[in-house]
*Asks:* 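For reference, the structure I am asking about is given below.
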Number of protein chains: 2
Amino acid sequence: MDLMTSVPSDLALPHPQRAEMRIEAVLHALADPVRLTIVRALARAPQGISCGAVNLPVSKSTVTHHMRILREAGVIRTQPVGTSRISTLRRDDLDALYPGLLDGVLAAER
Amino acid sequence: MDLMTSVPSDLALPHPQRAEMRIEAVLHALADPVRLTIVRALARAPQGISCGAVNLPVSKSTVTHHMRILREAGVIRTQPVGTSRISTLRRDDLDALYPGLLDGVLAAER
DNA sequence: ACCGTACTACGAGATTAGTCGAACTTCGAT
DNA sequence: ATCGAAGTTCGACTAATCTCGTAGTACGGT
């Protein structure tokens with residue numbers, strides 16, 4: 001008990017504000033096949049989904065790594081819900097900063 | 001004379017066809033600051049420009065490397081003209097495959 | 001024919017990325 | 001209170017990437 005390691009309300013993970021997002025980071029985040037799979041899944045689930053719900057060909061710790069890249073680039077927003085973390089696409093911010101980019105990426109057949 | 005190392009008409013460098021382009025490669029090509037500078041310069045010069053005309057903070061051989069990444073991803077088209085190589089943005093192909101992507105990237109302030 | 005310009009090719013070095021397993025935390029349920 | 005499920009953290013390893021300098025090729029002009 002005693003030292004209850006702080007911040008019970010700010011359980012949230014660090015997200016860049018819209019003004020802090022950089023195009024290189026966003027493009028780099030999108031340029032990986034695993035992360036692209038995640039982004040496509042999120043695009044199909046506007047209410048958000050948990051990392052583990054995406055069936056990916058990599059280990060759990062690797063998924064965590066990819067979620068972090070996406071989050072820190074500003075591509076997704078993640079919030080803790082129970083024992084899970086629900087992520088959503090930051091469509092509004094992406095569309096505001098780079099209009100057409102996300103739709104263009106999602107339009108890709110291959 | 002004799003063995004005139006072939007293909008005098010196909011001096012062109014290898015370019016992927018539209019159908020061969022992959023979104024990951026395009027995004028990766030765009031996700032580098034030096035290459036983004038090149039792409040922005042090309043966007044401002046529809047008639048095309050030579051690699052050396054872009055004032056970049058890297059060596060000549062590094063520029064060659066970046067041009068190759070862009071070319072092999074299908075982002076630019078390069079053709080030899082005299083002792084130079086003129087490159088242009090493959091806007092038509094990019095817009096057809098990923099509508100909005102290029103404009104979104106070029107819209108980025110930062 | 002020679003020289004300079006404009007690149008490309010080829011290692012080599014250093015940095016970054018993607019991957020994993022093992023150990024740890026947190027929450028919810030039994 | 002204990003357990004399991006869901007994620008994270010922490011090295012470690014490998015592969016890819018960016019960078020450079022040197023050397024080489026190709027073309028155009030003197």
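Nothing here was measured: the structure is a model prediction, and the numbers come from that model. Every chain is numbered from 1, with letters handed out A, B, ... down the list of sequences.
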*Asks:* What is the distance, to the nearest angstrom, from the CE atom on A/M67 to the P atom on C/dG18?
*Replies:*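 A/M67 atom CE is separated from C/dG18 atom P by 15 Å.
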
*Asks:* Can you tell me how far P of C/dC7 sits from CD1 of B/I76, to the nearest Å?
*Replies:*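 One finds 12 Å between P of C/dC7 and CD1 of B/I76, rounded.
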
*Asks:* Pick one: which of B/L102, B/V105, B/D32 meets side chain to side chain contact (heavy atoms under 4.5 Å, CB included) with B/V39?
*Replies:*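 Result for side chain to side chain contact (heavy atoms under 4.5 Å, CB included) with B/V39: B/L102.
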
*Asks:* Count the heavy atoms belonging to other residues, nucleotides or ligands that lie under 6.0 Å from CZ of A/R22, then report whether that count exceeds 12.
*Replies:*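 At most 12 heavy atoms, drawn from other residues, nucleotides or ligands, come within 6.0 Å of this atom.
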
*Asks:* Would you mind reading off the distance between A/L70 atom CG and C/dG18 atom C1', rounded to a whole angstrom?
*Replies:*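 Those two atoms, CG and C1', are 13 Å apart.
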
*Asks:* What does nucleotides 9-23 of chain D look like as a protein-contact string, B for base, S for sugar-phosphate only, - for none, at under 4.0 angstrom between heavy atoms?
*Replies:* B-------SSBBB--

*Asks:* Same cluster or not: are B/I69 and B/I23 linked, directly or through other Ile, Leu, Val, Met, Phe, Trp or Tyr residues, by side-chain heavy atoms under 4.5 angstrom apart?
*Replies:*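 No; B/I23 is not reachable from B/I69 via cluster members.
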
*Asks:* Can you tell which of A/I86, A/T88, A/L89 makes a side chain to side chain contact (heavy atoms under 4.5 Å, CB included) with A/R77?
*Replies:*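 That would be A/T88.
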
*Asks:* Check this for me: A/E20, atom CD, are more than 12 non-hydrogen atoms of other residues, nucleotides or ligands nearer than 6.0 Å?
*Replies:*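 More than 12 heavy atoms, drawn from other residues, nucleotides or ligands, come within 6.0 Å of this atom.
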
*Asks:* Taking atom C1' of D/dA6 as reference, at what distance in whole Å does atom CD1 of A/I49 sit?
*Replies:*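 Those two atoms, CD1 and C1', are 15 Å apart.
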
*Asks:* Taking only residues two or more places apart in sequence, or in another chain, which ones meet B/A107 in a side chain to side chain contact (heavy atoms under 4.5 Å, CB included)?
*Replies:*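 B/A107: side chain to side chain contact (heavy atoms under 4.5 Å, CB included) contacts with A/P99.
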
*Asks:* When Watson-Crick pairs (N1 to N3 and N6-O4 or O6-N4) and G-U wobble pairs (N1-O2 and O6-N3) count only below 3.5 Å on both distances, what is the dot-bracket string of DNA chain D, with | for other-strand pairs?
*Replies:* ||||||||||||||||||||||||||||||

*Asks:* If I take atom CD1 in residue A/I86 and atom P in nucleotide D/dT8, what distance separates them, rounded to the nearest angstrom?
*Replies:*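 Whole-Å distance recorded here is 12 Å.
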
*Asks:* Check the distance between C/dT26's C1' and A/Q79's CD and give it to me in whole angstrom.
*Replies:*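 Roughly 17 Å, once rounded to whole Å.
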
*Asks:* Let's go through A/Q17 and A/D93 carefully: what are the C-alpha distance in whole Å and the side-chain angles of both, what is the deciding distance for side chain to side chain contact (heavy atoms under 4.5 Å, CB included) to 0.1 Å, and is it a yes or a no?
*Replies:* CA-CA 9 Å; A/Q17 297 178 269; A/D93 293 318; over 6 Å; no

*Asks:* Kindly say if B/R85 contacts the phosphate of C/dT8, meaning a side-chain N or O under 4.0 Å from OP1 or OP2.
*Replies:*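 It does, given that an N or O in the side chain of B/R85 lies less than 4.0 Å from OP1 or OP2 of C/dT8.
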
*Asks:* Main chain of A/H28, side chain of A/R35: is a donor-acceptor contact present, judged purely on distance under 3.5 Å?
*Replies:*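 Yes.
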
